[in-house]
Amino acid sequence: MKPPLSKHSIVFFQEKLLEWFKESGRSFPWRKKGLTQYQYIVAETLLQRTKAETIAKFYPQFIKDFPSWKALANTNLEKLETYLKPVGLYKQRSKRLVSLAQEMVKRKGRLPKERSELESIPFMGQYIANAVELIIFNQPSPLVDVNMSRVLERFFGPRKMADIRYDTYLQQLSYKIANHEQSKEINWAILDFAALVCRPKPLCFMCPVNRRCKNFISLSL
DNA sequence: ATCCCGTTAC
DNA sequence: GTAACTGGAT
């Protein structure tokens, strides 16, 4: 047995997934170039606990109707709830979006670069803070959600803690994976791979890294 | 560690 | 009917 966390296996994983992404990666409006900070952060907030395809249909119109932090900050909460009903979690989400927008208006649209200050912004948690570092600050950073965790755990071995955000093994592993010239593409590759191949019920037969995966045999029989 | 809280896919 | 979905706050 080879050591599961060897540099070699990490590079193997990165390269194979980047290759897979070029062929089979998904395309979403919030992955385009030239989005404003506002547009990107709103997308991340909408995506929480919701399928990306659902938000993809909804997002372009949302940006037209609420084009800026100011527009969103001045929106009536009940109207926003009605507006968000089709995508679910409308009470949470409207509250989050408005208070986030109001905070950003106070900050004149400027994001703090200090990590702890970034996470002090209401409803800007670990995930979105990582996404801001990755997409807006252009630094390598992992988008560690339940889906990325599932993929990494299957391939590299399971975590110990129940909560992804406090599991040091998973956190360190995900930073190693994301630490790459093409950090954005790696992250998107893993998210897409999680949604299309390494699903909760995995489709191992079409997996480009199945030969080295710890769960290949047990889960595909 | 626990609560929050909806649509969709299966 | 239930599990799943690009989590965050307390």
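By convention in this document, chain letters (A, B, ...) are assigned in the order of the sequence lines, proteins followed by strands, and residues within each chain are numbered from 1.
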> When you measure from every atom of DNA chain C, which of residues 165-200 of chain A have a heavy atom less than 4.0 Å away?
Replying inline: A:R165, A:L191, A:P200
> Taking 5' to 3' order, which nucleotide of DNA chain B is first and which is last to have an atom within less than 4.0 Å of a heavy atom in chain A?
Replying inline: B:dC4 to B:dC10
>> For A:E185, give me all partners under salt bridge (charged side-chain N to carboxylate O under 4.0 Å, His left out), at least two apart in sequence or on another chain.
In response: none
>> Taking only the C1' atom of each, what is the distance from B:dC5 to C:dA4 in whole angstrom?
In response: 14 Å
> Do any side-chain nitrogens or oxygens of A:N147 fall under 4.0 Å of OP1 or OP2 in C:dA4?
Replying inline: no
>> Taking the ring of A:F156 and the ring of A:F13, is the distance between their centroids below 6.0 Å?
In response: yes
> A:E119 or A:L143: which one's nearest nucleotide on DNA chain C is closer to the 5' end?
Replying inline: A:L143
> Hey, are the side chains of A:D163 and A:D167 touching, using non-hydrogen atoms and a 4.5 Å cut-off?
Replying inline: no
> Do the numbers put A:R212 on top of the ring of A:F155, so that NZ or CZ is under 6.0 Å from the six-membered ring centre and no more than 45° off the axis?
Replying inline: no
> So which pairs with a foot in residues 91-115 of chain A pass ring-ring contact (aromatic ring centres under 6.0 Å, His included), sequence neighbours left out?
Replying inline: none
Considering only distance and modelled atom types, tabulate donor-acceptor pairs under 3.5 Å from the side chains of residues 141-152 of chain A, sequence neighbours left out.
from	atom 1	to	atom 2	distance (Å)
A:S141	OG	A:E133	OE1	3.3
A:D145	OD1	A:N147	N	3.3
A:D145	OD1	A:M148	N	2.9
A:D145	OD2	A:N147	ND2	2.7
A:N147	OD1	A:R150	NH1	3.3
A:S149	OG	A:D145	O	2.8
A:R150	NE	A:C198	O	2.9
A:R150	NH2	A:A194	O	3.0
A:R150	NH2	A:C198	O	3.2

>> Any residue in residues 60-80 of chain A with a heavy atom nearer than 4.0 angstrom to DNA chain C? Just list them by number, or reply none.
In response: none
>> So that I can tick it off, tell me whether A:E53 and A:K57 are bridged by a salt bridge, with the cut-off set at under 4.0 angstrom between side-chain N and carboxylate O.
In response: no
Let me have the donor-acceptor pairs involving side chains of residues 68-75 of chain A, under 3.5 Å, with sequence neighbours excluded, atom names and distances please.
from	atom 1	to	atom 2	distance (Å)
A:S68	OG	A:K70	N	3.4
A:S68	OG	A:A71	N	3.1
A:N74	ND2	A:K70	O	3.2
A:T75	OG1	A:A71	O	2.7
A:T75	OG1	A:L72	O	3.3

>> Can you work out whether A:E53 or A:F123 has the more 5'-proximal nearest nucleotide on DNA chain C?
In response: A:E53
> Pairs in or reaching into residues 77-103 of chain A: which pass ring-ring contact (aromatic ring centres under 6.0 Å, His included), with residues at least two apart or in two chains?
Replying inline: A:F58-A:Y83, A:F62-A:Y83, A:F66-A:Y83
> Do side-chain atoms of A:D192 reach the backbone of A:R26 as a donor and acceptor pair under 3.5 angstrom?
Replying inline: yes
>> Would A:F193 and A:F21 count as a ring-ring contact (aromatic ring centres under 6.0 Å, His included) here? Give the steps.
In response: CA-CA 8 Å; A:F193 180 67; A:F21 183 66; over 10 Å; no
> Distance between the C1' atoms of C:dC5 and B:dC4, in whole angstroms?
Replying inline: 15 Å
> Can you list, by residue number, the residues of residues 38-52 of chain A that have a non-hydrogen atom closer than 4.0 angstrom to DNA chain C?
Replying inline: A:E44, A:L47, A:Q48, A:R49, A:T50, A:K51, A:A52
> Can you name the residues that form a side-chain contact (heavy atoms from CB on, under 4.5 Å) with A:R199, not counting sequence neighbours?
Replying inline: A:L203
> Does A:K201 or A:D163 map to a spot on DNA chain B nearer the 5' end, using the closest nucleotide for each?
Replying inline: A:D163
>> Check whether A:E103 reaches the backbone of A:P122 with its side chain - one donor and one acceptor, N or O, closer than 3.5 Å.
In response: no
>> Which residues in residues 82-110 of chain A have a heavy atom closer than 4.0 Å to any atom of DNA chain C?
In response: A:Q92, A:R96
> Where along residues 14-29 of chain A does a heavy atom come under 4.0 Å from DNA chain C, residue by residue in number order?
Replying inline: A:R26, A:F28
